[in-house]
A.B. asks: 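Pasting in a structure now, in structure tokens, and then I'll have a few things to ask.
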Amino acid sequence: MNDEIRRNLALFPIGIVQKLTDLTARQIRYYEQHMLVCPARTEGNQRLFSFNDVERLLEIKRLIEQGLNIAGIKTVLGTAKTSSELLPLTEKEQAKMVKEVKKDLSDRELRDLLKKEILHKPGRTGVHSNTFNAGDLSRFFH
DNA sequence: CTTCTGACA
DNA sequence: TGTCAGGA
């Protein structure tokens, strides 16, 4: 299946995300209130995050550690788009793909995330190298 | 047992 | 941000 779609599928509950990002549930919900992330919801109103949501949280975490406040982070990342905007699929189509992904999620995908998390620690070189040193901005927003 | 919202000695 | 309540 398309990787773009796979990254936007609503897969994990907040508990998993806590472990993946080392953020508390309180922080994750707080960032959502400020539109820094916009996870999907189940019928029971439970949050379901996608890989992109988790990566987004890691970006936020990195910025917070650099001393930026909510306003500063918004300046750098902007507000989050809803998963439905990024995933124009019917619920049936999504449910089908979620099953497909969940078969081999525990192992491979989890390691994928941890690998990417390490990629965030040192200064990156790729297409995202334009994430100009937020350290300079922290002076204005902290 | 896990998650959700609201509130604050 | 932590933490507790009270309900789903």
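Labels below follow one simple rule: chain letters A, B, ... track the order of the sequence lines, proteins then strands, and each chain is numbered from 1. The figures here come from the full heavy-atom set of this structure, side chains too, leaving out hydrogens, waters and symmetry mates.
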A.B. asks: Write down the distance between CG (A:Leu48) and P (B:dT3), rounded to a whole number of angstrom.
C.D. replies: 11 Å
A.B. asks: Could you tell me the separation between the CG atom of A:Leu23 and the P atom of C:dG2, rounded to a whole number of Å?
C.D. replies: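 Taking atom P of C:dG2 as the reference, CG of A:Leu23 is at 10 Å.
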A.B. asks: Considering non-hydrogen atoms only, spot the tightest contact between A:Arg56 and A:Val37 and give its length.
C.D. replies: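 Of all heavy-atom pairs spanning A:Arg56 and A:Val37, the closest is CG-CG1, 3.6 Å.
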A.B. asks: Which listed nucleotide (C:dT1, B:dT3, C:dG2) is nearest to the side chain of A:Gln46?
C.D. replies: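 In terms of side-chain proximity for A:Gln46, the closest of C:dT1, B:dT3, C:dG2 is B:dT3.
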A.B. asks: Runs of at least three consecutive Watson-Crick or G-U pairs, both distances under 3.5 Å, are what I'm after; which ones involve DNA chain C?
C.D. replies: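 DNA chain C forms these stems: B:4-8 with C:2-6.
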A.B. asks: Out of curiosity, A:Lys61 NZ to A:Asp22 CG, how far, rounded to the nearest 0.5 Å?
C.D. replies: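 The distance works out to 4.5 Å.
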A.B. asks: Check the surroundings of atom NZ in A:Lys81: do more than 12 heavy atoms from other residues, nucleotides or ligands lie under 6.0 Å from it?
C.D. replies: no
A.B. asks: For the pair made of CD1 in A:Ile28 and P in B:dT2, what is the distance, rounded to whole Å?
C.D. replies: 15 Å
A.B. asks: On the side chain of A:Arg26, is there an atom forming a donor-acceptor pair with the base of C:dT3 - under 3.5 Å, no angle test?
C.D. replies: yes
A.B. asks: CD1 of A:Ile16 versus P of B:dC1: gap in Å, rounded?
C.D. replies: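 Going from CD1 in A:Ile16 over to P in B:dC1 covers 16 Å.
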A.B. asks: Looking across every strand, which nucleic acid part, if any, lies under 4.0 Å from A:Arg47 by heavy atom: base, sugar-phosphate, or nothing?
C.D. replies: sugar-phosphate
A.B. asks: Using a 6.0 Å cut-off, check whether atom CD of A:Glu65 has over 12 heavy atoms from anything other than its own residue.
C.D. replies: yes
A.B. asks: When the distance from CZ of A:Arg41 to C1' of B:dT3 is rounded to whole Å, what number comes out?
C.D. replies: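 Whole-Å distance recorded here is 10 Å.
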A.B. asks: Below the 4.0 Å mark, does B:dA7 have OP1 or OP2 next to a side-chain nitrogen or oxygen of A:Arg29?
C.D. replies: no
A.B. asks: On DNA chain C, compare the nucleotides closest to A:Gly44 and A:Ile64; which residue's is nearer the 5' end?
C.D. replies: A:Ile64
A.B. asks: When you group the ILVMFWY residues by side-chain heavy-atom contacts below 4.5 Å and let the links chain together, are A:Tyr31 and A:Leu68 in the same group?
C.D. replies: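 Hydrophobic grouping puts A:Leu68 with A:Tyr31.
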A.B. asks: Distance check needed: C:dT1 C1' versus A:Ile60 CD1, whole Å only.
C.D. replies: 16 Å
A.B. asks: When you check the phosphate oxygens OP1 and OP2 of B:dC4, does a side-chain N or O of A:Tyr30 lie under 4.0 Å from one of them?
C.D. replies: no
A.B. asks: Are side-chain heavy atoms of A:Glu32 and A:Pro39 found at a separation under 4.5 Å?
C.D. replies: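 A side-chain contact exists here, since the closest heavy-atom pair is under 4.5 Å.
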A.B. asks: So if I take every side-chain heavy atom of A:Gln27 and compare against C:dG2, B:dT5, C:dT1, which nucleotide ends up nearest?
C.D. replies: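 It is C:dT1.
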A.B. asks: Counting side-chain heavy atoms from C-beta on, which of B:dT3, B:dT5, C:dT1 comes nearest to A:Ile14?
C.D. replies: B:dT3
A.B. asks: Figure out the CG/P separation between A:Asn45 and B:dG6, and round it to whole Å.
C.D. replies: 10 Å
A.B. asks: Identify the two heavy atoms, one from A:Leu77 and one from A:Glu59, that lie closest to each other, and give their separation to 0.1 Å.
C.D. replies: CD1-CB, 3.9 Å
